[in-house]
Amino acid sequence: MIDPTQMQANIVIAGVGGQGVILAGNILSDVCLAYGLDVKKAEVHGMAQRGGSVSAQIRFGSEVHGALIEKGRLDFAVAFEWAEALRWMPLLSPEGTAFVSTQEVIPPIALRDRVAGRVDYPLELVHHPRIRAIDAPSLAKEAGNVKTAGVVLLGALSMELSFSYEAWIEAITRRVPGKVVDVNLRAFGYGRRGKKSVAPYSARMPEPLVRKAWLHLEESWCKGCGICVNVCPERIWVLNERDVVETVSAERCTGCGLCEKLCPDLAIDVLTDLGSQALGHEGGNVLWQSN
Amino acid sequence: MAIELVSGNEACARGAIAAGCNFFGGYPISPSSEIAETLAKLLPERQGIFIQMEDEMASVGSVLGASLGGAKAMTATSGPGFTLMQEHLGYATLAEIPCVVVDVMRVGPSTGVPTAPSQGDVMQARWGSHGDREVAVLAPASVKEIYDMTVNAFNIAERLRTPVVLMFDEVLAHMREGVELFQPSVEELWSRPRPVDHPSSTFQPYSPNSEGVALMPNFGDGYHFHVTGLMHNEKGFPTTHPETIRQLMARLKRKMEPLPLWLPAEHYRLKDAEVAVVAYGITARVAKEAVDRLRDQGILAGVYRPRILWPVGRSDLIETLGKFQSIVVAEMNQGQWVEVVERYLPNSVRVLLQSKLGGEPMTTEEILDGCREFVKKGVRAL
Amino acid sequence: MNPGKELLRQEMMPHILCPGCGHGIVLNTLVRVLATRFSSMDQVALVAGIGCSSRIVGYIDAYTLHTTHGRALSFATGLKLSRPELTVIVITGDGDGLGIGGNHLIHAARRNLDLTCILFNNETYGMTGGQLAPTTVPHAFTTTTPYGNKEPSFDAAALLKACGATFVARGQAYRPDLLEELLNRAIAHRGFSFVDVMTDCTEYFGRKNALGGGSDLLFSQTRADEEIARDLDEWPRLRHPDGFPLREILPMGVLHEVSRPTLEEMMGLAGYEAREE
C-alpha cells in the first residue's frame with residue numbers, strides 16, 4: 001500500500017435520496033482531510049428525502065483542481081443502489097472498481113414510461129470484472145440497522161485505500177449520531193470483511209432513452225412547489241427567483257414524464273410523440289425542443 | 001271521477017304523482033311517514049324511484065341530485081327532520097334546484113310530541129337555513145287542498161327553480177275527507193325552463209330569463225355546467241365579487257315576487273266584516289266556523305286565510321286588512337305569523353294573538369274567546 | 001402529455017390548491033383517466049362535498065356538482081338513480097367523507113349503487129386550517145391537537161370493505177401510474193367502488209408536524225421502504241422527537257373486489273345497461 005498522504009483518487013458515491021450518500025461522502029472526506037489531503041467534493045441532490053438520484057463526487061490528492069470526474073478517470077464507484085451504479089459505469093477507469101449494493105430501490109413513481117420492466121441485468125455488467133456486488137442491506141440489518149448499508153459499502157471501499165482503520169473509525173464516530181455509532185462501526189466492519197457478498201440476479205433497468213421530447217410549461221399555473229425540481233432524474237428543472245420553475249440543460253430530458261404526472265398544478269406537459277404537433281392548450285411557451 | 005275517502009298524507013302522495021313526481025328520497029318520521037309509504041308503493045309502479053335514505057340530510061341530498069338529473073323530486077318529514085334539512089334547503093335556494101319538501105308539523109321543540117299537531121315550524125320554514133334567503137311556503141287547510149297544493153308546489157318549484165315547502169300538521173295529515181281528486185292537464189303542469197337549441201359552448205347556467213330564472217338543462221343533456229353552494233357568477237363558477245353577489249341575491253328574491261299572486265289568500269266573509277280572524281292551515285277551518293257563529297249572533301266577522309305563508313302577499317294583506325281596527329290572529333304556536341300581520345299593518349290596527357299550545361288543535365270556542373277579548377276591551381263592533 | 005388537460009376549465013385555472021398539494025396530483029391523474037376512458041364528458045358527472053378535495057370538480061368540464069359538507073354521496077345517489085346511464089364519480093376528502101359524511105359513506109357502500117367514490121386522504125381538514133381529522137395519525141399535531149392527537153385513526157379501506165363496498169382500493173399521489181390503474185378499475189367496476197388516495201397537506205399538516213414542503217411530503221409516501229419498515233422499530237417514526245408515524249403502513253392496490261347485483265339492477269332501472277365503462 002502506498003503512503004496515504006500521497007494517495008490520490010477519484011471516487012463517486014451514488015444512491016437515491018435518503019440512503020445516506022452525503023453522509024458517506026462526508027466520512028470519506030473527513031478521512032482524507034485527516035491525512036492533510038486536498039479534497040474536492042461535488043454533490044448532486046435535491047431536497048428529496050427519497051426518490052431522486054443523489055451523488056457525491058470526491059476527488060482527493062495532494063492537490064486537486066477540478067471538482068468533477070472525467071470519463072475513464074473514475075477509480076472507485078460506491079453505489080448504494082443497483083440502477084444508480086449504471087449511471088457511473090461509463091466513467092469507470094479500466095482499472096477501477098465499483099462497489100455495488102444489491103439493494104433495489106424501485107424508481108418510485110411513474111417510471112412505467114421510463115422503465116422497460118423487470119429485466120435481467122446485462123451479463124457484461126453482472127460479470128464485470130471490476131464490480132463487487134455486496135448484499136449491503138442484509139449485512140446492515142445484521143449489524144443492527146438497515147440504514148447503515150452505506151457504511152457497509154464504505155467498509156468495502158476502505159480495504160482498497162491505504163487509510164488506517166482508526167482514521168475511518170474516528171470519522172464515522174464524529175459524523176453519525178451518538179446513539180447509532182456502535183451499529184455503524186459494526187456495519188463498517190462487516191463491509192471490510194466483505195462478508196456475504198452475493199452476485200445480483202436481476203434489477204430494473206432503464207431502457208435506452210433516445211427520444212425526442214418537448215417540454216411545455218404553463219408558467220401562470222406553476223406555484224413553485226419544487227416537486228418537479230426534486231423528482232426529475234436528470235435535474236433539468238430549477239426554481240427561478242420568481243419561484244417559478246424553468247429548465248436548465250433541458251437537452252437532457254428523456255421524456256420520462258415524471259414531472260408532468262407529479263405536477264400538482266398541471267403546469268407541465270411532456271410531449272414525446274413525434275407526430276404530435278398539438279400542444280395541450282395555448283398561452284404557454286415551448287421551452288425546449290430536442291433535435 | 002268518484003269521491004274517495006282519503007287522508008291528508010295520502011292526498012299529498014297522490015298529488016305528487018299527479019304532478020309528475022318521479023323521485024322520492026325520504027326518512028321515516030311521525031307524523032309524515034304515510035307519505036313515504038304511499039309513494040314507496042306508487043312510484044315503482046310508474047317507473048319512478050323511491051329510496052329510503054339514511055337520514056334527512058341525505059333525503060334532501062338525494063332529492064336535489066335527482067332533480068339535477070331531471071326528476072321531479074320530493075321528500076317529506078316532520079319538525080326534527082325538517083331542522084336537519086335546512087342546510088340543503090339553503091343550498092337548493094342558492095343553486096336553484098327545484099324540489100318539494102313536505103313538513104307535517106308536530107309539537108316541538110325537540111322530539112316534543114311526535115303524534116300531536118302544531119304550527120310551530122312557520123318561522124323555521126322562513127329562517128331555518130343560515131344566510132338570507134327568500135322561501136316558498138304553502139299552507140293547505142284541507143285534504144283536497146293538500147292534493148292541489150302538492151301539484152302547485154311542484155309547479156312553483158319547477159318554474160322558479162326553487163325549493164318549495166308544503167306545511168300542514170298532524171291532524172290534517174291523518175284526517176280523512178271525501179274528496180274528488182282531479183288529474184291536472186298537461187298544460188296545468190309546469191316544468192322548468194330548459195335550454196332549446198342553445199349551443200352548449202356558450203350556454204350560461206345562471207343567466208336569467210325575463211322571469212329572473214335561469215334555463216336549466218339536466219345533467220346528462222350535453223350541457224356541462226357547475227353547480228355549487230358558493231356564491232357564483234352567471235357561468236356558475238365561484239365568485240367573491242360583491243356586485244355579482246348582490247345581483248344574484250336580488251334576483252333570487254325578485255323571482256319569488258309573483259308567488260303570492262299565483263296562490264292568493266282566501267277571503268272568507270271579509271267584504272262587510274268588522275273583525276277579521278287571520279288563520280292558516282287546520283286553524284283556518286275552525287276560524288271559519290267561529291266566524292259563522294259570530295255572524296249568527298249578528299257580529300260581522302270574516303277570515304283571512306293565507307295559502308302561501310312565505311313570501312308574504314304584502315299588498316293584498318295591507319289592502320284587505322289595513323282597514324280593520326280589530327284582528328285576531330289564531331295560530332297553534334306562541335305567535336309566529338302574527339309578527340307578519342303586526343309588521344305590515346298600520347298602528348291603527350289592533351292585533352290580538354290567539355295562541356294554542358299543548359298538542360291539541362285549536363277549537364272554535366277558543367277563537368271566539370279571542371274575539372271576545374275585543375268585546376271586553378270595548379272595541380267597536382264587538 | 002396529459003390528454004386530460006383538454007378537460008380542464010381553462011378560465012378556472014390555476015386552481016386554488018396550495019403549492020405542492022397532493023390533491024393536485026390526484027386531479028392530474030383523474031383528468032388523465034377521464035380523458036383516456038371516455039370519448040366525451042357527456043355521460044360523466046362529478047359530485048363533491050366541501051373541502052380542498054371537493055373543490056377540484058370545478059376544474060373539470062363535465063357535469064359538476066359541488067354540494068354541502070359531507071353529503072356528496074347523497075346527491076350522487078339521487079342523481080345516479082334518476083340518470084342510471086351516467087357515470088357518477090364522487091370526490092370527497094377524509095373529513096368530508098369519513099367525518100361529517102361518514103353515515104352517507106357507509107350506507108352508500110351498503111347499497112352498492114354503481115358509484116365511484118374517490119377519497120382524498122390527507123389526514124387533516126385543510127380548507128379550515130389544518131384541524132384534527134378522523135384519519136389523523138395518533139400523536140400528530142394539528143391546530144386542534146396542540147398536545148398531539150390522542151385518538152386512533154380510521155382505516156378507510158377496511159371500513160368500506162366491512163360496509164359492503166364491492167371494490168376497495170388504496171393508492172397514493174406519489175404513484176400516479178398505480179393510481180391511474182386503480183381509478184380505471186374503480187370506474188369500470190359495476191357497483192360501489194371506493195379508492196382511498198393518500199395525499200398530502202403541505203401547508204397545514206406538513207408545517208405543523210415539521211415534515212417539510214411539497215416534495216418532502218410526497219417522497220415520504222414512498223413504499224419502497226415498506227418491507228424494510230416492517231422490520232424496523234424506528235420507522236416510520238420520523239421527524240418529531242416524541243415520534244409518531246408519519247404515515248401508517250397501509251396496504252396499497254386493489255384490496256377487495258367482489259361482484260354482487262347493483263342497486264340499479266335490483267331496482268330494474270331502465271337505461272342502466274347503457275352506462276359507459
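This one's a predicted model, so the numbers in the text were calculated from it and none came from an experiment. Below, read A as the first sequence line, B as the second, and so on, with proteins coming before strands; counting in each chain starts at 1.
- Contact annotation for C:Glu85: neither backbone nor side-chain heavy atoms come within less than 4.5 Å of a heavy atom of chain B.
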Test side chain to side chain contact (heavy atoms under 4.5 Å, CB included) applied to C:Thr64 and B:Phe225, step by step: CA-CA 6 Å; C:Thr64 54; B:Phe225 63 103; over 6 Å; no
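- For chain B, the nearby part of C:Arg9 is the side chain; its heavy atoms alone come within less than 4.5 Å.
- The greatest number of non-hydrogen atom pairs below 4.5 Å with chain C, out of B:Ser67, B:Pro217, B:Gly69, B:Gly25, is found for B:Gly69.
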Trace of the side chain to side chain contact (heavy atoms under 4.5 Å, CB included) decision for B:Phe219 with C:Leu65: CA-CA 10 Å; B:Phe219 274 17; C:Leu65 176 55; 4.0 Å; yes
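- At a 4.5 Å heavy-atom cutoff, the contact between C:Leu269 and chain B is made by side-chain atoms alone.
- Proximity to chain C at a heavy-atom threshold of 4.5 Å picks out B:Ile49, B:Phe50, B:Ile51, B:Gln52, B:Met53, B:Glu54, B:Asp55, B:Met57, B:Ala58, B:Gly61, B:Ser62, B:Leu64 from residues 41-64 of chain B, in numerical order.
- Checked by atom type and distance alone, the side chain of B:His224 pairs as donor or acceptor with a backbone atom of C:Asp61 at under 3.5 Å.
- Proximity of B:Val227 to C:His66: side-chain heavy atoms (C-beta onward) are nowhere separated by under 4.5 Å.
- The contact between B:Asp221 and chain C is made by backbone and side chain atoms together, counting heavy-atom distances below 4.5 Å.
- Within 6.0 Å of atom OH in B:Tyr27, 12 or fewer heavy atoms from other residues, nucleotides or ligands are found, so the atom counts as exposed in its surroundings.
- Contacts of residues 73-83 of chain C with chain B at a heavy-atom distance below 4.5 Å involve C:Ser74, C:Phe75, C:Thr77, C:Gly78, C:Leu79, C:Leu81, C:Ser82, C:Arg83, listed in sequence order.
- Heavy atoms of C:Met267 lying under 4.5 Å from chain B belong exclusively to its side chain.
- With a 4.5 Å cut-off on side-chain heavy atoms, B:Pro238 and C:Met12 count as touching.
- Across every non-hydrogen atom of B:Gly222 and C:Tyr63, the tightest pair is N-OH, 2.6 Å.
- Interface with chain C: from residues 83-102 of chain B, residues B:Glu87, B:His88, B:Tyr91 qualify, criterion being any non-hydrogen pair under 4.5 Å.
- Residues C:Gly58 and B:His226 come closest through the heavy atom pair CA-CE1, 3.5 Å.
- Proximity to chain B (any heavy atom under 4.5 Å) is restricted, for C:Leu263, to the side chain, taken from C-beta onward.
- Rounding to the nearest 0.5 Å gives a distance of 10.0 Å between CG of B:Asn218 and CG of C:Leu86.
- For residues 192-204 of chain B, a heavy-atom distance under 4.5 Å to chain C picks out no residue at all.
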